[in-house]
Undergrad: 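What follows is a single structure, and I will ask about it in a moment.
Computed over heavy atoms, backbone and side chain alike; hydrogens, waters and symmetry mates excluded.
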Number of protein chains: 2
Amino acid sequence: MRERGLRWTPQRRAIIEVLAEARGHVTAADLVDRCRTLDPTTVPSTVYRTLDVLEELGLVRHGHGTDGREEFHVGPAVAQHAHLYCSVCGGRWELTDERADAVLAAFRAADDFEADLSHMTVVGRCGACRRAAS
Amino acid sequence: MRERGLRWTPQRRAIIEVLAEARGHVTAADLVDRCRTLDPTTVPSTVYRTLDVLEELGLVRHGHGTDGREEFHVGPAVAQHAHLYCSVCGGRWELTDERADAVLAAFRAADDFEADLSHMTVVGRCGACRRAAS
DNA sequence: ATTAATGCAAACGGTTTGCACTACT
DNA sequence: AGTAGTGCAAACCGTTTGCATTAAT
């Protein structure tokens, strides 16, 4: 199936399984933990190495969260969704592609820059918290 | 002068000096190194602690670079400038406040979100690299 | 004399590496 | 049989911490 000279091992299966049910984003460290609850013998290096492979295959993409930790996005939604984080209420959510497009357009207009918003989490304040503050 | 119950020590002086001549942004680790070349006895903990203090005073602000490392912005330009990074050519630069404003407006319009662009580096492709690619 | 700030050294968390071993193919 | 992939353990890097010591006020 997904072989390009790659091997299909139980641990890869496990990692992909965990990735699948974590639809959206997970930090690498989180992933290690979740794998470990699933199979306590899981070892970090394997997880990290598998993530590298998956990234090469284009199945996941890594970015960095607010605190700088590696974060992975899975599946077809790997594209242009932006990650938002409210530093007041701690909320995390994402922008739908259409909405993200407007922001991308702004970057383009401002500096001829093609931003890859999926790579990082943008920090700020959500509408609710902003209104609450004033 | 800048005392609010704080003490003026040689090592703080050194750190501020280094910060000053690094106008713009430096990673914390970089800062430690530069301080060490200036005074080899410099120890990381002092630097990090001083940075915390300076941040509390509002003199610096920390964010995270592309690789997730802590990065500090100094001086009056602490405000709303965005950090851009081109993953193709490796270029780094920033958006002037006026230009950044347009992007902020887009975030506001898209999701009623007040982004703090100064907190992170946005990854993408600069105009030149984009054109070169196509 | 107070007590804020330092230096040191050790610990941390997340991630990476070398190497011998295992097990897919 | 061949070699991709694993497990382990140790190292890495940036950062944080506890504690005894120093030095600014």
Side-chain angles (χ1 to χ4, degrees), chain A residues 1-19 22 25-57 59-72 119-121, chain B residues 1-19 22 25-57 59-72 119-121:
Chain A
M1 58 170 297
R2 67 159 36 99
E3 308 317 324
R4 310 231 235 287
L6 300 155
R7 291 183 184 174
W8 187 238
T9 69
Q11 29 283 64
R12 286 192 171 169
R13 172 157 198 42
I15 292 166
I16 288 179
E17 202 169 303
V18 174
L19 271 172
H25 16 63
V26 226
T27 68
D30 249 29
L31 212 49
V32 173
D33 287 347
R34 297 200 202 181
C35 283
R36 237 202 272 270
T37 65
L38 205 112
D39 169 4
T41 72
T42 310
V43 90
S45 43
T46 300
V47 177
Y48 283 101
R49 282 194 276 235
T50 301
L51 285 172
D52 285 349
V53 173
L54 293 177
E55 187 153 24
E56 258 162 45
L57 293 181
L59 295 175
V60 300
R61 243 164 93 161
H62 91 273
H64 296 276
T66 331
D67 53 355
R69 280 152 65 175
E70 284 200 58
E71 204 166 57
F72 287 84
H119 190 79
M120 340 222 30
T121 301
Chain B
M1 58 170 295
R2 69 160 32 97
E3 308 316 322
R4 311 231 235 284
L6 300 153
R7 291 183 185 176
W8 188 238
T9 69
Q11 29 282 63
R12 287 194 169 167
R13 172 157 198 45
I15 292 165
I16 289 180
E17 201 169 304
V18 173
L19 272 171
H25 15 62
V26 225
T27 68
D30 249 29
L31 212 48
V32 173
D33 287 347
R34 298 200 202 181
C35 283
R36 237 202 271 269
T37 65
L38 205 110
D39 168 6
T41 73
T42 310
V43 90
S45 43
T46 300
V47 177
Y48 284 102
R49 282 194 277 236
T50 301
L51 285 171
D52 285 349
V53 173
L54 292 178
E55 187 152 25
E56 258 162 46
L57 293 181
L59 295 176
V60 301
R61 244 165 93 160
H62 91 273
H64 296 275
T66 331
D67 54 353
R69 281 152 64 176
E70 285 200 57
E71 203 166 57
F72 287 85
H119 190 79
M120 343 221 29
T121 301

Undergrad: Under the side-chain contact (heavy atoms from CB on, under 4.5 Å) test, which residues partner A/Ala14, sequence neighbours left out?
TA: A/Leu38
Undergrad: Donor-acceptor pair, distance only, cut-off 3.5 Å: does the side chain of A/Thr42 make one with the backbone of A/Cys35?
TA: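 Yes; at least one donor-acceptor contact below 3.5 Å.
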Undergrad: Considering only residues two or more places apart or on different chains, which pairs with a residue in residues 30-39 of chain A satisfy side-chain hydrogen bond (donor to acceptor under 3.5 Å, both in side chains)?
TA: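 Matches after skipping sequence neighbours: A/Asp39-A/Thr41.
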Undergrad: Using a cut-off of strictly less than 4.0 Å, decide whether A/Gln11 has a side-chain nitrogen or oxygen near OP1 or OP2 of D/dG7.
TA: yes
Undergrad: How long is the line joining CD1 of B/Ile16 and C1' of C/dA5, in whole Å?
TA: 14 Å
Undergrad: Can you list the residues that meet the side chain to side chain donor-acceptor pair (under 3.5 Å) rule with B/His62, with sequence neighbours excluded?
TA: B/Glu55
Undergrad: Can you tell me the distance, in whole Å, between the CG atom of A/Asp67 and the P atom of D/dG14?
TA: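 One finds 17 Å between P of D/dG14 and CG of A/Asp67, rounded.
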Undergrad: Round to a whole Å and report the spacing from CG of A/Leu51 to C1' of D/dT6.
TA: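 Interatomic distance, CG of A/Leu51 to C1' of D/dT6: 15 Å.
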Undergrad: Which residues pass the salt bridge (Lys or Arg N to Asp or Glu O under 4.0 Å) test with A/Arg7, not counting sequence neighbours?
TA: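 Testing A/Arg7 for salt bridge (Lys or Arg N to Asp or Glu O under 4.0 Å), a comparison that skips the adjacent residues, returns none.
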Undergrad: Quick one: B/Asp30 CG to D/dC13 P, roughly how many Å, whole number?
TA: 14 Å
Undergrad: At under 4.0 Å between heavy atoms, which parts of nucleotides 16-25 of chain D does protein reach? Answer with one letter per nucleotide, 5' to 3': B base, S sugar-phosphate only, - none.
TA: BBB----BBS
Undergrad: Respond yes when some side-chain nitrogen or oxygen of A/Arg69 is under 4.0 Å from OP1 or OP2 of C/dG13, and no when none is.
TA: no
Undergrad: Return the value, rounded to whole Å, for the distance between atom CZ of B/Arg34 and atom P of D/dG14.
TA: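 Computing the B/Arg34:CZ to D/dG14:P distance gives 14 Å.
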Undergrad: Going by salt bridge (Lys or Arg N to Asp or Glu O under 4.0 Å), name the residues that satisfy it together with B/Asp52, two or more places apart in sequence or in a different chain.
TA: none
